[in-house]
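Accompanying notes for the structure given below.
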Amino acid sequence: MKTLPEHEFTRDHKVAKDGTVTFSCSYDIGIWPWLALNPHHPIVIQTINYWASVEAAKARGTLDLSQWTALTQSDWHCGERGSGPLSHGRAETQNDGDVEGYKLTLYDQNDALVVQMSGKGVVFRNRDFEAWRASAKRQLAKAPKPANFEYAAAASVGVGTQKESLISPLRARDEPSVQALITRENGLMPGHPYHSGSGDHVNANHLADVALQFATALHRQPVTVEAGKMQFNRFIELDYPFEIVLDDDQQTEEMIVMRISQADRQCAHIAMTIDLDEN
């Protein structure tokens, strides 16, 4: 991160002696279009995961704009259905040695839990991050880009418009799988109605979204995500396809588990606790 964004999602910060930050949430759908989604939607959760953690660090005075960071793990569980919209919350630190962690808890105006999430990450203190990223991108650039990527029909992946579909139709081979292709054009506003990001790589909010789309395609009906866990091993690059494969050995009736890779390199592992929507 080099500069602070113009807008903040959290405000009215109060910092306790132990570093806990309490805050209220913005209701401005013009600035934050994803507020139109259900507050339990993975796009909402992972977008807040970024903004609330960064803004809490700024409120504590610990945000260092000269250093690059990367999320390595994200866990969350949602409150009861019907809770929301988001009103206020708190951010706590959970550091363990060199591993920097945090916990975010968000409530609605009636103090009902909407979502609690935690994350762990690394800080690139001793690495030329930009040069390292440029090298990684050059390596992937040797692979051919798809000429005509086929995106799944919007209804089959549970999204409202075709531009929100980010995965291919389901492929049922030995293991059910899809390809995903997120570009700077379809993966960031204004090309996408809800997604923002660094523009440097596929972000956690993108991965949570395609995981939900994969789960919807697999079950052939809308699903609700009640909890999830994402582990990140490598950055996934924009503009190049990546694979999402069902990890059949670990999934259960209530949990879908998937492996994500790009250019034959394992990049992420996602597990989601789901409930099949009745309607």
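What you are looking at is a predicted structure, and each value in this text was computed from that prediction instead of being measured.
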Taking the six-membered ring for Trp, are Trp32 and Trp51 parallel (under 30°), tilted (30 to 60°) or perpendicular (over 60°)? perpendicular
Donor-acceptor pair between Ser168 and Glu150 side chains, under 3.5 angstrom: no
His269/Asp247 under side-chain contact (heavy atoms from CB on, under 4.5 Å): CA gap, chis, key distance, verdict: CA-CA 9 Å; His269 193 265; Asp247 194 337; 3.4 Å; yes
Would you check if the side chain of Asn203 reaches a backbone N or O of Asn205 as a donor-acceptor pair within less than 3.5 Å? no
Are Phe214 and Leu170 close enough that some pair of their side-chain heavy atoms sits under 4.5 Å apart? yes
Assess the residue pair Glu254 and Thr273 against the criterion (side chain to side chain donor-acceptor pair (under 3.5 Å)); give the C-alpha distance rounded to whole Å, side-chain angles, the decisive distance to 0.1 Å, and a yes or no. CA-CA 6 Å; Glu254 297 179 344; Thr273 302; over 6 Å; no
For a quick test of your reading: what N or O donor-acceptor pairs under 3.5 Å do the side chains of residues 155-163 make, sequence neighbours left out?
{"from": "Ser156", "atom 1": "OG", "to": "Ala153", "atom 2": "O", "distance (Å)": "2.7"}
{"from": "Thr161", "atom 1": "OG1", "to": "Glu164", "atom 2": "OE2", "distance (Å)": "2.6"}
{"from": "Gln162", "atom 1": "OE1", "to": "Ala154", "atom 2": "N", "distance (Å)": "3.0"}
{"from": "Gln162", "atom 1": "NE2", "to": "Ala152", "atom 2": "O", "distance (Å)": "2.9"}

Looking only at heavy atoms, which two atoms of Ala91 and Arg60 are closest? And how far apart? O-NH2, 3.3 Å
Ala57 backbone acceptor or donor facing Thr62 side chain under 3.5 Å: yes
For Met117 versus Ile45, what's the shortest heavy-atom pair and its separation? SD-O, 3.5 Å
Sequence neighbours left out, what passes side-chain hydrogen bond (donor to acceptor under 3.5 Å, both in side chains) with Asn186? Give chain and number order. Tyr151, Thr183
Please name all residues satisfying side-chain contact (heavy atoms from CB on, under 4.5 Å) with Leu37, sequence neighbours left out, ordered by chain then number. Trp34, His41, Ile43, Val44, Tyr194
Applying salt bridge (charged side-chain N to carboxylate O under 4.0 Å, His left out) to Asp239 and not counting sequence neighbours gives Arg184
Might you point out which heavy atoms bring Gly187 and His206 nearest each other, and give the distance in Å? O-NE2, 2.6 Å
Give a yes or no on whether the backbone of Ala208 and the side-chain of Gln46 come within a donor-acceptor separation of less than 3.5 Å. no
Got more than 12 heavy atoms from elsewhere within 6.0 Å of CG, Asp264? no
Taking all atoms of both residues into account, what is the closest heavy-atom pair of Arg234 and Gln266, and its distance? CD-O, 3.5 Å
How would you list, by chain and number, every residue that makes a salt bridge (charged side-chain N to carboxylate O under 4.0 Å, His left out) with Glu92, sequence neighbours excluded? Arg90, Lys103
Mind checking whether Val210 and Val202 have side chains closer than 4.5 Å, heavy atoms only? no
So, for Asn233 and Ala268, which heavy atoms are closest and what is the spacing to 0.1 Å? ND2-N, 4.2 Å
When you look at Ser118 and Gln94, which way does the side chain to side chain donor-acceptor pair (under 3.5 Å) test go after all the steps? CA-CA 9 Å; Ser118 61; Gln94 293 185 322; 4.9 Å; no
Could you list the residues that satisfy side-chain hydrogen bond (donor to acceptor under 3.5 Å, both in side chains) with His40, not counting sequence neighbours? Ser83
Distance alone, cut at 3.5 Å: any donor-acceptor contact between the side chains of Glu243 and Gln262? no
When rounded to the nearest 0.5 angstrom, what is the spacing between CZ in Phe242 and CD in Gln179? 10.0 Å
